[in-house]
Amino acid sequence: MTSHRQQHDALAQAYDGITRIVVDLDDADLQRPTRCRGWLVADLLLHLVGDAQRALVALASPADGPPDVDDVSY
């Protein structure tokens, strides 16, 4: 079982990489298309922010007892 600190560190490491890539983008860069048809860079980043928020909520909301589903049955 991983600790909350390990989970936090893994999440931070993943998003640090994204931050390094996008930190210097300007408004024109954010309006460029991505390889996801119909999605601009800004759209994709907003989607990733939502994922990060859900992960942080999940890490701060421990459940009582063991999981009742696994990654396949979820």
CA sep, side-chain torsions, deciding dist, call: Arg5, Asp9, salt bridge (charged side-chain N to carboxylate O under 4.0 Å, His left out): CA-CA 6 Å; Arg5 185 76 211 158; Asp9 289 347; 3.1 Å; yes
Going hydrophobic residue to hydrophobic residue with side-chain gaps under 4.5 angstrom, can you get from Val49 over to Leu56? no
Would Ile18 end up clustered with Trp39 when hydrophobic side chains under 4.5 Å apart are linked, directly or stepwise? no
Is Ile21 reachable from Leu11 through a run of I, L, V, M, F, W or Y residues, each pair having side-chain heavy atoms under 4.5 Å apart? yes
Rounded at 0.5 Å granularity, tell me how far CG in Leu40 sits from CG in Leu46. 11.5 Å
ILVMFWY network linking Val23 to Tyr15, side-chain heavy atoms under 4.5 angstrom: no
Asp70 side chain to Ser73 side chain, donor-acceptor N/O pair below 3.5 angstrom: yes
If you take all heavy atoms of Asp43 and Gly38, which pair is closest and at what distance? OD2-O, 4.0 Å
Rounded distance [0.5 Å steps], CD in Gln31 versus CG in Asp26: 10.0 Å
Minimal non-hydrogen separation, His47 against Arg54, with atom names: O-NH2, 4.4 Å
As an exercise, state the distance from CG of Leu45 to OG1 of Thr34, rounded to the nearest 0.5 Å. 9.5 Å
Nearest non-hydrogen partners of Val41 and Leu25, listed with the distance: CG1-CD1, 3.9 Å
Roughly how far apart are Leu30 CG and Leu44 CG, rounded to 0.5 Å? 11.0 Å
Of all heavy-atom pairs linking Asp29 and Asp24, the shortest is OD2-O, 4.3 Å
Which distance, rounded to the nearest 0.5 Å, do you find between the CZ of Arg32 and the CG of Asp27? 13.5 Å
